[in-house]
Amino acid sequence: MEETGALLQAIGQRKTDLASKDFLLTWEQTRGELEQILDIARLMKMMREKNIDTRVFNNGLGISVFRDNSTRTRFSYASALNLLGLTQQDLDEGKSQIAHGETVRETANMISFCADAIGIRDDMYLGAGNAYMREVGEALDEGFEQGVLPQRPALVNLQCDIDHPTQSMADLAWLKEHFGGLDKLKGKKIAMTWAYSPSYGKPLSVPQGIIGLMSRFGMDVTLAHPEGYDLIPEVLETARRNAAASGGSFRQVSSMEEAFRDADIVYPKSWAPWQVMQQRTTLLRSQDGAGLKALEQRCLQQNAQHQQWHCTEEMMKLTRGGKALYMHCLPADITGVSCEAGEVAASVFERYRIATYKEASWKPWIIASMILARKFADPAVVLRQRLQEALPRIKC
């Protein structure tokens, strides 16, 4: 119980503003707030391992709004709600009054009468997803202030057009576990690189989330992609500022080989250029099917010119000692397994497959931590009570 006591003390001593703001972008949080989320997640994970009930709610709803397909994040959000004692209710926009013109302000209040959390995934429309979440947040603020809602639900970004904070924070938790602490990350080189995929339109939020978060912890963050596969310029500037403030570095290179050389961590992942995502957003909004099809064909042809951006055994040999940690948000495009040619060679992925599963396994704890920190000004008090009561999750 020594580690749980230390974590509880750290959570109690750290003063944050997490209870008064939604977790929409990692770079909107202080480093102390990021560490608070990691500590809460770790403590709750340990409680589960020790068969201690983590439910802090006896009832209440957690609303999910998924505007794009999802496996890991969808089930991680459901798991997080269950860990906290909340019941999930999915908002199917096609079956709601949204289809009849109901406003965001009205919908946000109508679904929140007994809600303690709302998780939103909206990554399809560049310039719209994060903005939509903020509009929902403003409507919730008004509903609570005007007495419509008995409490202000926690709003969690489950992926938007700019950032994927639950993914990048889960990645950070995995790096902390793998290397033995946040202090061990300083000076480590992480290569966030584009990789070939036989599909197009993959969101920018994962690579942007990685460079925007890992640059906070003194790491050597190296971004690599072919010419024309740019990320949003404002996010690149954020990564530069973060690196300068943390004592780390942020640089961009034009080849996967250079990025992989002497890297401690590699994260080869396909994404669409932000300029393409802008065009895609315009076509989606105008419901221009022919235009979308033509854009897809152009992008697939462009991707096909860069099949050498492939995480192979030869690429991995360039890393530090040839043993860099491979990471991926999953599902990866695995050559010869999920596609004819993709992001990563089958032998490389198989060697790190369990590691990527462990990476993904942090997401429910991160989401639960974000909700708990938003709902309780002093999460240490709530968690201490759970630990003192030590109610068994499973009664033997």
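Along the sequence shown, residues carry numbers from 1. Computed from heavy atoms alone, side chains included, the values below leave out hydrogens, waters and symmetry copies. Quantities reported herein were computed from a predicted structural model and do not represent experimental measurements.
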Evaluate the side chain to side chain donor-acceptor pair (under 3.5 Å) criterion for residues Q88 and S64: first the C-alpha distance (whole Å), next the side-chain angles of each, then the deciding distance (0.1 Å), finally the verdict. CA-CA 7 Å; Q88 182 182 15; S64 57; 3.0 Å; yes
Can you measure from [atom1] ([X]) to [atom2] ([Y]) and round to the nearest 0.5 angstrom?
X	Y	atom1	atom2	result
M110	I63	CE	CD1	12.5 Å
K395	D53	NZ	CG	9.0 Å
I111	N109	CD1	CG	9.0 Å
M47	L383	CE	CG	6.0 Å

What I want to check is whether the side chains of [X] and [Y] have a donor and an acceptor closer together than 3.5 Å.
X	Y	value
H164	Q208	no
S205	Q159	yes
D90	Y77	no
Q305	Q301	no

Would you please test R240 and E237 for salt bridge (charged side-chain N to carboxylate O under 4.0 Å, His left out) and show each step? CA-CA 5 Å; R240 293 188 189 97; E237 185 55 36; 3.4 Å; yes
Taking [Y]'s backbone N and O only, do any of them form a donor-acceptor pair with [X]'s side chain (distance below 3.5 Å, no angle check)?
X	Y	value
Q167	V206	no
S76	R72	yes
K317	E313	no
T282	Q278	yes
Q385	V382	no
N242	G212	yes
S286	L283	yes
T281	L126	yes
E359	I354	no

With the side chain counted from C-beta on, respond yes when [X] and [Y] share a heavy-atom pair under 4.5 Å apart, and no when they do not.
X	Y	answer
I52	L391	no
M169	M370	yes
D161	D122	no
L84	R55	no
W274	L231	no
I120	L155	yes
R386	V56	yes
M44	L372	yes

Under the side chain to side chain contact (heavy atoms under 4.5 Å, CB included) rule, what do W27 and D163 come out as? Steps first, then yes or no, please. CA-CA 10 Å; W27 47 90; D163 193 11; 3.8 Å; yes
May I ask you to say whether [X] pairs ionically with [Y], meaning some side-chain N is under 4.0 Å from a carboxylate O?
X	Y	result
D333	K202	yes
E177	K45	no
D39	K176	yes
E28	R134	yes
R152	D22	yes
D123	R67	no
E350	R353	yes

Which class fits the ring pair W194 and W309: parallel under 30°, tilted 30 to 60°, perpendicular over 60°? perpendicular
Name the orientation class of the two ring planes belonging to F349 and Y326 (parallel below 30°, tilted from 30 to 60°, perpendicular beyond 60°). perpendicular
May I have the step-by-step check of side chain to side chain donor-acceptor pair (under 3.5 Å) for S246 and R216, ending in yes or no? CA-CA 6 Å; S246 72; R216 303 286 298 277; over 6 Å; no
Given the rule in the side chain to side chain donor-acceptor pair (under 3.5 Å) test, do E340 and T335 qualify, once you have shown the distances and angles that lead to the verdict? CA-CA 5 Å; E340 184 176 342; T335 300; over 6 Å; no
Is the number of heavy atoms from other residues, nucleotides or ligands under 6.0 Å of N69 CG greater than 12? no
Does atom CD of Q287 have more than 12 heavy-atom neighbours, drawn from other residues, nucleotides or ligands, at distances under 6.0 Å? no
Would you mind telling me which of K323, K186, R320 makes a salt bridge (charged side-chain N to carboxylate O under 4.0 Å, His left out) with D264? R320
Trace of the salt bridge (charged side-chain N to carboxylate O under 4.0 Å, His left out) decision for R393 with E49: CA-CA 10 Å; R393 186 182 75 86; E49 292 166 354; over 6 Å; no
Going through the checks in order, is the salt bridge (charged side-chain N to carboxylate O under 4.0 Å, His left out) test met by R31 and E35? CA-CA 6 Å; R31 172 157 172 163; E35 292 181 7; 2.7 Å; yes
Taking the six-membered ring of F66 as reference, does the NZ or CZ atom of R74 fall below 6.0 Å from its centre and within a 45° cone about the axis? yes
Chi angles and distances behind the side chain to side chain contact (heavy atoms under 4.5 Å, CB included) call for L34, F23: CA-CA 10 Å; L34 297 174; F23 206 111; 3.9 Å; yes
Evaluation steps, side chain to side chain donor-acceptor pair (under 3.5 Å), between Q9 and R14: CA-CA 9 Å; Q9 183 178 17; R14 192 177 285 116; over 6 Å; no
Could you go through the side chain to side chain contact (heavy atoms under 4.5 Å, CB included) check for I37 and L18 one step at a time? CA-CA 9 Å; I37 295 298; L18 289 169; 4.0 Å; yes
Would you sort out whether D262 and K189 count as a salt bridge (charged side-chain N to carboxylate O under 4.0 Å, His left out), showing the intermediate values? CA-CA 8 Å; D262 295 324; K189 178 180 178 181; over 6 Å; no
T193/K269 under side chain to side chain contact (heavy atoms under 4.5 Å, CB included): CA gap, chis, key distance, verdict: CA-CA 6 Å; T193 78; K269 167 80 175 71; over 6 Å; no
Measuring centre to centre across the rings, with the benzene-like ring taken for any Trp, is F376 within less than 6.0 Å of F57? yes
Candidates I190, L185, D171, D220 - the one meeting side chain to side chain contact (heavy atoms under 4.5 Å, CB included) with I265: I190
